[in-house]
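Taking it in order: structure first as structure tokens, then the write-up.
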Amino acid sequence: MDDVLLVRAEGISKSFSGVPALKNVCFDLRPGEVHALLGENGAGKSTLMKIISGVYTRDEGELYIEGRAAGDLTPLSAQKLGIGIIHQELNLCPHLSVAENIYLNREVSSFGITNRRKQNREAQKYLAALELDVDPDTPVRELPVSKQQMVEICKTLSMNAKIIIMDEPTSALTDKEIEDLFNVIKMLKAENCGVIYISHRLEELSRIVDRVTILRDGRYIKTLDFADTNLEEIIALMVGRSLNEKFPKIAVERGGKVLEVKNLSSPHGVGVKDVSFELYQGEIVAFAGLMGAGRTETARAVSGADRASAGEIFLGGKKIAVKNIRDAIKEGIYCVPEDRKKDGLCVKMTLAENITLPSLELVSNFGVISGAKESEKALKMKDALKIKTPGIAQCVANLSGGNQQKVVVGKWLMRKAKVVIFDEPTRGIDVASKIEIYNIINELKKQGIGVMFVSSELPEVLGMSDRILVMCNGRITANLETKNTNQEEILKYATRYA
Ligand SMILES: Nc1ncnc2c1ncn2[C@@H]1O[C@H](COP(=O)(O)OP(=O)(O)OP(=O)(O)O)[C@@H](O)[C@H]1O
Ligand SMILES: [Mg+2]
């Protein structure tokens with residue numbers, strides 16, 4: 001007899017305020033398989049997963065868990081059925097410890113009282129499985145994003161789920177952490193669990209995936225055995241056309257020196273150590289390196305998000321003081337930050353409000369915000385970036401993950417800048433939208449703006465930059481012409497202890 005399917009979803013439809021997000025979608029999950037769910041930003045992947053895990057209820061269709069009709073699930077009843085979900089956006093309580101987060105609402109207790117020691121011991125087991133070297137007592141807010149993501153993964157594993165949904169688990173992880181996660185996925189497979197895997201990092205699929213299902217615009221397109229397909233076919237099915245050029249690099253004559261950073265250091269720990277570099281007009285300089293190499297810290301120091309302890313910054317030959325973000329913005333240095341939820345967006349505000357927030361003077365008349373001007377600017381940006389949402393009055397919290405990222409990018413593009421810093425701008429962005437973001441970066445390049453581009457994806461570093469600064473342990477270890485280098489050389493400098 002065939003194994004009973006862990007999940008069978010048939011004819012699922014779901015609308016939000018009358019706008020359909022899923023239309024008659026089918027999906028199934030076998031025991032012991034990793035099934036990737038793929039599609040562009042806003043295709044409906046997270047919505048389908050939230051239906052399977054009881055966060056949303058479906059409007060139409062039937063859902064069977066291990067052969068039984070599931071009715072309307074709630075997060076709790078889904079959990080009881082063995083469904084665990086690692087959400088795309090981190091859902092941890094920052095002030096609680098690692099162990100408290102893992103066992104939130106399921107505290108490990110003795111005689112009705114939370115037993116912290118026992119709870120920490122239990123948590124430690126899961127931390128060890130992921131080779132995660134953190135003290136279970138550490139407050140989560142003190143961990144970097146990648147470690148927080150790993151805690152989120154531990155939390156789901158500790159529920160002993162049989163059906164594990166991973167919505168973009170690797171977008172913020174280091175290579176080593178991805179390796180550990182993939183080992184855990186292999187263990188889960190061996191235990192006959194099923195994993196639903198969502199990712200925009202298509203290159204990693206070949207390492208773990210058995211089948212793929214593709215959604216486009218809320219519709220089911222196709223399910224394929226991974227062994228019988230290839231990335232070109234998958235991308236064409238996702239996008240509905242074939243993409244001929246992944247990296248639309250343009251040639252621009254390099255102008256004068258726009259930015260010079262001399263001997264920059266950050267006050268705490270490894271951060272940034274004695275970093276010096278130059279940036280020219282119309283130039284894209286990528287900052288490559290492993291997670292924790294000091295790239296984000298450099299971006300933060302130059303853009304005033306952190307105060308440097310030593311060093312000088314020159315803009316157009318003139319020394320400037322950047323004590324905070326406001327100083328940097330006044331000078332024309334903008335940063336598109338890495339952590340969109342924390343630094344980049346006000347999720348409770350609308351798309352239009354978020355996009356125009358840094359540029360209120362451009363949408364105001366005599367100091368009063370003009371709704372008409374705000375709408376006009378926001379609409380223009382929504383179209384330019386192809387942000388998928390019914391309207392600019394939509395609350396940003398309701399946008400899909402990738403579309404939120406586009407808003408973070410868009411809000412800085414309204415302004416006249418001299419230097420724009422992008423920190424992992426394409427994280428969580430689908431293949432086709434990545435190209436739109438690259439085109440925007442090219443647009444800035446054409447205007448003679450200097451672009452600092454922090455990215456952990458070497459193909460895009462090599463595909464889009466003119467020059468590459470490699471960092472390791474807070475220092476710059478190499479300054480490479482993009483056309484004369486390759487992945488191996490970059491990795492060599494990224495791991496060289498400097
Ligand atoms: N709570 C909500 N209210 C209103 N609209 C929503 C809500 N949740 C999702 N949507 C809309 O449903 C559509 C599908 O979103 P979903 O988050 O499922 O996309 P996704 O495939 O996960 O995309 P991404 O790759 O960007 O994460 C989007 O247009 C989104 O704006
Ligand atoms: Mg999503």
Side-chain angles (χ1 to χ4, degrees), residues 9 12-25 27 35-61 75 85-91 149 152 165-172 196-202 204-205 212-221 234-235 237-240 340-341 344-345 347-352 354-355 382-383 385-410 424-437:
I12 303 282
S13 297
K14 173 80 183 168
S15 297
F16 295 101
S17 330
V19 182
L22 292 172
K23 300 166 215 162
N24 195 21
V25 167
F27 182 82
H35 192 157
L37 183 61
L38 305 175
E40 290 186 275
N41 297 129
K45 305 176 297 291
S46 297
T47 302
L48 182 61
M49 292 305 106
K50 286 178 183 165
I51 288 172
I52 294 177
S53 59
V55 178
Y56 292 155
T57 45
R58 59 192 180 277
D59 299 338
E60 281 168 52
I85 179 162
I86 297 161
H87 283 285
Q88 183 171 15
E89 303 297 331
L90 292 170
N91 268 313
Q149 178 73 60
E152 185 97 40
I165 301 168
M166 299 189 177
D167 195 347
E168 290 264 355
T170 57
S171 69
I196 306 176
Y197 192 85
I198 299 179
S199 176
H200 288 294
R201 302 175 75 156
L202 301 177
E204 70 189 16
L205 297 179
V212 295
T213 285
I214 291 134
L215 301 183
R216 192 194 320 144
D217 283 333
R219 278 179 228 277
Y220 172 85
I221 301 294
I234 290 174
I235 291 171
L237 289 168
M238 278 171 60
V239 182
R340 61 173 171 257
K341 230 176 165 182
L345 285 177
V347 290
K348 296 214 170 96
M349 290 176 24
T350 66
L351 171 68
N354 267 283
I355 291 240
K382 174 178 176 287
D383 292 344
L385 291 174
K386 302 201 175 73
I387 298 174
K388 186 171 177 271
T389 175
I392 53 169
Q394 187 70 235
C395 175
V396 165
N398 293 339
L399 263 55
S400 80
N403 283 302
Q404 290 186 3
Q405 180 65 16
K406 293 188 195 175
V407 177
V408 180
V409 175
E424 306 281 3
T426 62
R427 174 178 295 167
I429 300 258
D430 70 56
V431 270
S433 302
K434 274 184 187 161
I435 297 176
E436 283 152 27
I437 293 206

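Read the numbers this way: they start at 1 and go in the same order the structure lists the ligands and their atoms.
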Subset of ligand 1 atoms that lie under 4.0 Å from at least one heavy atom of His200: 25 (O)
Where ligand 1 meets Glu40 - atom numbers and elements under 4.0 angstrom, heavy-atom basis: 21 (O)
Within the distance-only criterion (no hydrogens, no angle test), does the side chain of [X] pair as donor or acceptor with the backbone N or O of [Y] below 3.5 angstrom?
X	Y	answer
Lys45	Glu40	yes
Asn41	Asn403	no
Arg427	Ser171	yes
Lys348	Cys395	no

Note the single closest protein heavy atom to [atom], along with its residue, its atom name and the distance in Å.
atom	value
atom 27 (O) of ligand 1	Gln88 NE2, 2.9 Å
atom 31 (O) of ligand 1	Asn398 O, 3.1 Å
atom 17 (O) of ligand 1	Ser400 CB, 3.4 Å
atom 1 (N) of ligand 1	Tyr56 OH, 3.1 Å
atom 29 (O) of ligand 1	Lys388 NZ, 3.7 Å
atom 23 (O) of ligand 1	Gly42 N, 2.8 Å

Sub-4.0 Å heavy-atom approach of Gln404 to ligand 1: no
Heavy-atom gap Gly39 to ligand 1 smaller than 4.0 Å: no
Pairs of nitrogen or oxygen atoms closer than 3.5 Å, one from [X] and one from ligand 1: do any exist?
X	answer
Ala21	no
Thr389	no
Phe16	no
Glu168	no

Which option wins on minimum heavy-atom distance to [atom]: [options]?
atom	options	answer
atom 15 (O) of ligand 1	Thr47, Asp167, Leu38	Thr47
atom 21 (O) of ligand 1	Lys14, Lys45, Arg216, Gln394	Lys45
atom 24 (P) of ligand 1	Asn403, Leu399, Asp217, Asn41	Asn41

Whether over 12 other heavy atoms sit under 6.0 Å from Arg219 CZ: no
Rounded to 10 degrees, the angle OG of Ser46 makes with OE1 of Gln88 at the Mg ion (ligand 2): 90°
Option from Asp167, Leu37, Thr170, Leu38 for which side-chain contact (heavy atoms from CB on, under 4.5 Å) with Ser199 holds: Thr170
Matching residue for Leu345 among Val407, Leu351, Leu399 - test: side-chain contact (heavy atoms from CB on, under 4.5 Å): Val407
Gln394 vs Phe16 side-chain heavy atoms within contact, under 4.5 Å: no
Flag side-chain contact, heavy atom, 4.5 Å: Val55 against His87: yes
Residue pair Pro425 / Gln405: nearest heavy atoms and the distance that separates them: O-NE2, 3.1 Å
CG on Leu22 to CD on Glu60, rounded to 0.5 Å: 11.5 Å
